[in-house]
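Values in this document were obtained by computation on a predicted structure and should not be read as measured data.
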There are 2 protein chains.
Amino acid sequence: MLSTVSGPVRPAVPPRLPGVGDTQHRLMEAAADAFADKGFHATTTRDIAARAGLSPAGVYIHFASKEALLFALSERGHEAVRDLIVEAVEAAPTPAEALGRLLATFSQWHAEHYRVGRIVQYEFTHLTPEHQAAVRRLRREIDGVVERVLRAGVGSGAFAVDDVRATVLALLSLCVDVARWYEPGIRRSPAQIGATNASLGLRLVSAAPPTAVSRE
Amino acid sequence: MLSTVSGPVRPAVPPRLPGVGDTQHRLMEAAADAFADKGFHATTTRDIAARAGLSPAGVYIHFASKEALLFALSERGHEAVRDLIVEAVEAAPTPAEALGRLLATFSQWHAEHYRVGRIVQYEFTHLTPEHQAAVRRLRREIDGVVERVLRAGVGSGAFAVDDVRATVLALLSLCVDVARWYEPGIRRSPAQIGATNASLGLRLVSAAPPTAVSRE
DNA sequence: GGGCTGACTAAGCGCTTGCTTAGTCTGTCG
DNA sequence: CGACAGACTAAGCAAGCGCTTAGTCAGCCC
């Protein structure tokens, strides 16, 4: 019982992170596991509570409903991906490099987080209309990032693309669909999947022949 | 039995198609609608029965369980797609044409049948292990068709592909993912989606530069 | 006609669901 | 110390679930 004397590890932020944030995070992890295993509707709130080490009623202190948990998962997932690809694009000097990094990052995320990726796609329709709208807004942001890079490349002559919007959709399919077929222990690692999807995606849009390029 | 002489309309197969097959088909349509609208677990057997114009108990005369309905939908969907692409490939003189027709057919099917396509992908985990295995077998058949066409093209020099299995996966993603984002009234028709996906897919694998080529 | 078959229904069983209520316990602050 | 806040639980409610039971009814065969 010495903890009172010197204080544990987090003395500066006692009312936020230590108890509440922790339990909230544990609940989201538990819900992600359960939803990924059995789907949203087949998952019971009792199951989520048990996985988080709480009683069934304990869930409702942190989330208003089971759907609120699904939304929290979806929103955070989309925000994480959006931030990652924005960062990847910003750091790149040319459209080709920007697109390569975007596709690699995007694909790798969907392999590493394939559980959340599937939940976000497969359970989308179980969100309330308002929450669906919020997620759609985030998706449009992500689409916009890809489209801007593509148009930049077309403008600079690096890319040759017939139908920009169709190609954006195809590139997104390439990355998002990774969550559908990936599973741990598969032949390629998430990083390798990112690398091959980047080169496949570039081949889909590059004006120059695919061989012997990339820098200079 | 020469009942063909005077009998009603279907004298040769009276105990099959007229009543039973009709109701079975209606039930599968009803289940497809309901599963697509609300997902497998959120759909009640009462809902399916009502959509098919039956009492709740009427469902169980034709299908042993709600899961059996999902399996029937999945199995028939996969078989339909498999048969379509096998036919498309068989009719083509070159690997390039075979792949083009395959991608077009495959993509168009996923647009036209996006409801069944989503059910088949999103609700897969709710099948019994035995039924999952049966579906996986059908999927492997489909993968095999694509892989064979790709290897034929590589052998003939028409295609240049680094990693055949990764490319097969990418091509399948392109087509399957159509079911995720398609909805009626969208800019492109299912046939147009098939056409653009065919040319995008060919660009992904062709040995020659994408512009103005295909046959020397 | 009498017996049979098979599609179909009314009623309902046993159980599980999401979520609530009423209360306990711990720790903090004046 | 005593008041209070907030994380948490035991118990449970009303509703809804998949599926069954027991029976009706139309058509067919002998």
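Looking at the side chain of Leu54(B), the nearest of the listed nucleotides dT20(D), dC8(C), dG18(C) is dC8(C). Of the candidates dT21(C), dC8(D), dC19(D), dC19(D) carries the atom nearest the Thr45(B) side chain, counting heavy atoms from C-beta on. Side chain of Thr23(A), nearest nucleotide from dC8(D), dG18(D), dT21(C): dC8(D). Of the listed nucleotides (dA7(C), dG18(C), dT9(D)), dA7(C) has the atom at the smallest distance from the side chain of Ile61(B). Across dC8(C), dT9(D), dC19(C), the shortest atom-to-atom separation from the side chain of Lys66(A) is found for dC19(C).
Rounded to whole angstrom, the span from the NE2 atom of His41(B) across to the C1' atom of dT17(C) amounts to 12 Å. In this entry the distance linking CD of Gln24(A) with P of dA7(D) reads 9 Å, nearest Å. For the pair Leu69(A) CG and dG18(C) C1', the interatomic distance rounds to 13 Å; values are reported in whole Å. For the pair Ile48(B) CD1 and dC17(D) C1', the computed distance is 13 Å after rounding to whole Å. Rounded to whole Å, atom C1' of dG18(D) lies 16 Å from atom CZ of Phe63(B). Rounding to whole angstrom units, OH of residue Tyr60(A) and P of dT17(C) are separated by 11 Å. Leu27(B) places its CG atom 12 Å from the C1' atom of dA7(C), with the value rounded to the nearest Å. In this structure, Leu70(A) places its CG atom 15 Å from C1' of dG18(C), rounding to the nearest Å.
The ring of Phe106(B) has its center closer than 6.0 angstrom to the ring center of His110(B).
With hydrogens and angles disregarded, no donor-acceptor distance shorter than 3.5 Å links the side chain of Ser107(B) to the backbone of Ala104(B). Judged purely by atom type and a 3.5 angstrom limit, Lys66(A) has no side-chain atom pairing as donor or acceptor with the backbone of Ala31(A).
Along DNA chain D, the nucleotide nearest Pro56(A) and the nucleotide nearest Ser65(B) are compared for position; the residue whose nucleotide lies closer to the 5' end is Pro56(A).
The phosphate of dC8(C) has OP1 or OP2 within less than 4.0 Å of a side-chain N or O from His62(B).
The base of dG16(D) does not come close enough to the side chain of Arg46(B) for any donor and acceptor atom to sit less than 3.5 Å apart.
Residue Ile119(B) comes nearest to Ala32(B) through the heavy atom pair CD1-O, 3.3 Å, listed as atom of the first residue, atom of the second, then distance.
The side-chain tip of Arg139(B) points at the ring of Phe124(B) from less than 6.0 angstrom away and within 45° of straight on.
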